[in-house]
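Notes follow once the structure below has been shown.
To find a chain, count down the sequence lines: A is the first, B the second, and so on, and within it residues start at 1. Computed from a prediction, not measured in an experiment: that's the story for all the values here.
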There are 2 protein chains.
Amino acid sequence: MTIKEIAELAGVSTATVSKILNGKDKDISEATRKNVLDIVEREGYIPNGIAKSLRIKNTKTIGIIMPDVMNLFFSELARGVEDAAEKKGYSVILCNSDNKESKEEKYIQILQEKMVDGIILTASENSVKRSLRRRKIPMVLLDRDISTDEKVGRITVDNEEGTYNATKLLIEKGCKNIGFISSNKTTKSSAQRLQGYENAILESKINFDKNKIFLQNYTIETGYKGTVSLLEKTNIDGICCGNDLIAIGAIKALKERGIKVPQDVKVIGFDDISISKYMDPPLTTIRQPIYEMGEEAVGMLIDVINNKEMEMSKVLKTELIVRETT
Amino acid sequence: MTIKEIAELAGVSTATVSKILNGKDKDISEATRKNVLDIVEREGYIPNGIAKSLRIKNTKTIGIIMPDVMNLFFSELARGVEDAAEKKGYSVILCNSDNKESKEEKYIQILQEKMVDGIILTASENSVKRSLRRRKIPMVLLDRDISTDEKVGRITVDNEEGTYNATKLLIEKGCKNIGFISSNKTTKSSAQRLQGYENAILESKINFDKNKIFLQNYTIETGYKGTVSLLEKTNIDGICCGNDLIAIGAIKALKERGIKVPQDVKVIGFDDISISKYMDPPLTTIRQPIYEMGEEAVGMLIDVINNKEMEMSKVLKTELIVRETT
DNA sequence: ATGAAAGCGCTAACAA
DNA sequence: TTGTTAGCGCTTTCAT
């Protein structure tokens, strides 16, 4: 069923049907309008959006490339993106990169072939730069910032302030031996989180100890292993974690060894993923407005798609959520 | 940059370029092949997939409609789908329905307009039926089965056996007062899970008590509220939960009241979402092969897209994972 | 081994 | 108020 067939059934031209279907019906008689719409309804006609897109040169779909939707942080991000996109009439193609540059670049290529109107990206420095050089397409970098002169949007969070406040809280609560477990990625956000921790320590009277830092992945496993490692090498009465998953792993290791949280060791996470408040004990953490970040990203992306003049960078605030692990 | 421009630069026709780009180059001289490819590379040409799709009538993209990616169960499903799709050369458009029929139907329409090659659906009975009547498109129903004569694929799990085994385990472990907390949805899977529980109870010598059943949503909140409610109304020494989220909420309520799990009350979940093994205590549960279900769904979907003769229904086995809440 | 040309389903400028 | 028509970028048949 095509627009042409509808036109024939209605005894009008395809142009007329097209206008009606697209609401450009100011100078179309109510009679033919109704007639056409009835036929469309009766026949269950579904417009071919591909043909339309080819003609009008936009697809009303955006792509999002992220490491892994199964990770609670990213699934919340994805939801924020999808909800905001849907509200603005866009669909979203989801791509999981597992942080692999090869996948990131492959997906960027595929998304461009599919003529998405823009891409939201949580990816490595290299992929972004290389792709941007090849062909420009509206892009906003989400969560992970990247230095480039290209015109890309950025939505980030004040990571440094986050871990700074987290560590400060631990210090205020009386911790003297504070570990830091996080990711060893070379992303800005990882570096900033480490920096925030260091700043807080350096600023206090407790002395900085490299042995209290364990850097690996943003995973539960890292939290677990890191804690075990820290426990062996040094004494600890507080752990600042690079994200909530790490904190969950840390608490597990602690509990298994009969170490009480928060009495013996205090733990603080980062992100405030949805599960954190249900942990035992409920996790104290630095909240990122994850869902909102997703929303902001699509708002910004659509602005750049429409060539609107706007601020190309937005850094959102974190918030300390004190629950029961500190 | 279009295929035409590439053709001009190479001094050949668009037909030749097209053939080369699509590997239909058996009778194309190596010289022109190399020349064209070099130019494509040098110019950073990206084919317009929309134009291609319009011509060849497929988009190599599928849609998936599910209630909510933020729900751990669905995010794992989404990942399984995306991974399998990627392996077979498909992209996936993700849609969150929040179990709302209006959204389900809206998305089905949008996906059809975008000419996806097929749809994977976790949706209500009505939406599916209504949409199927309007226009046929390859579809596979995932996780939620629906009765219809239409030719749709189905991937499900043996829910009844799952809760039957779960309840049996509780009984074997000595529980005499077993509650059941689950969803009140009118889906087959929900009905089957209740049935499995009832069967196990009826089959045992402990008598069936309607007051020990609490039906609401598949959420942590329901688990919490349901447990509180059960505790008030009746005595309980075991809870069979409709999913892991409910189990997590139940355990939280129990712990808060100083009731020990598993000593005082045993709890068993359903799904084995990724977080369950990290709970405290690690959750005993009925494992669904979630990721594989996603994979199977796209395998089946692609088979129906290609009109392959195949089994249109597959029910996967659950597996009892005994950890420490029983 | 290569090319000409039709046509996929739609929109929009322009004509009537 | 409605219709004619070109053309979006590509593939593919059929010639050459």
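Side-chain contact check for B:V140 versus B:L121: every heavy-atom pair is 4.5 Å or farther apart. You'll find the side chain of B:I119 reaches within 4.5 Å of the side chain of B:I108, heavy atoms only.
Under the salt bridge (Lys or Arg N to Asp or Glu O under 4.0 Å) criterion, B:D98 pairs with A:R79, B:K103, not counting sequence neighbours. Partners of B:E309 by salt bridge (Lys or Arg N to Asp or Glu O under 4.0 Å), not counting sequence neighbours: none found. With sequence neighbours excluded, the residues satisfying side chain to side chain donor-acceptor pair (under 3.5 Å) with B:D271 are B:Q288. Among residues two or more places apart in sequence or in another chain, the side chain to side chain donor-acceptor pair (under 3.5 Å) test is passed with A:K136 by none. By the side chain to side chain donor-acceptor pair (under 3.5 Å) test, B:S147 pairs with B:E125, sequence neighbours left out. The side chain to side chain donor-acceptor pair (under 3.5 Å) check on A:S97 picks up nothing, with sequence neighbours excluded.
Bending across the helix from C:dA1-D:dT16 to C:dA16-D:dT1, expressed as the angle between its end axes from five pairs apiece, amounts to 40° (10° rounding).
Contacts between residues 46-59 of chain B and DNA chain C, counted as heavy-atom distances below 4.0 Å, involve B:L54, B:R55, B:K57. Of the residues in residues 20-36 of chain B, those with a non-hydrogen atom less than 4.0 angstrom from any atom of DNA chain C are B:D27, B:I28, B:S29, B:T32.
Between chain B and DNA chain D, the heavy-atom contact criterion of under 4.0 Å yields a 5' to 3' nucleotide range of D:dG9 to D:dT12. Taking 4.0 Å as the cutoff to heavy atoms of chain A, we find the contact window on DNA chain C bounded by C:dG9 to C:dA12.
Remark: the backbone N or O of A:G49 is paired with a side-chain donor or acceptor of A:S53 at under 3.5 angstrom.
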**Prompt:** Between A:S190 and A:Y218, does a side-chain hydrogen bond (donor to acceptor under 3.5 Å, both in side chains) hold up when you go through it step by step?
**Reply:** CA-CA 10 Å; A:S190 295; A:Y218 282 127; 3.0 Å; yes
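With hydrogens and angles left out, the side-chain atoms of A:Y90 and A:T59 include no donor and acceptor closer than 3.5 Å. The closest side-chain donor-acceptor pair between A:E76 and A:S274, if any, does not fall under 3.5 angstrom.
Residue B:S18 is in base contact, counting any heavy-atom pair closer than 4.0 Å across all strands shown.
Among pairs with a residue in residues 6-21 of chain B, none fulfils salt bridge (Lys or Arg N to Asp or Glu O under 4.0 Å), at least two apart in sequence or across chains.
Salt-bridge formation is not detected for the pair B:R42/B:D38: no Lys NZ or Arg NE/NH1/NH2 atom is positioned less than 4.0 Å from an Asp or Glu carboxylate oxygen. Salt bridge absent: B:E113 and A:K52 never bring a charged side-chain N and a carboxylate O closer than 4.0 Å.
Place A:T14 and B:T16 on DNA chain C by their nearest nucleotides, and B:T16 ends up nearer the 5' end.
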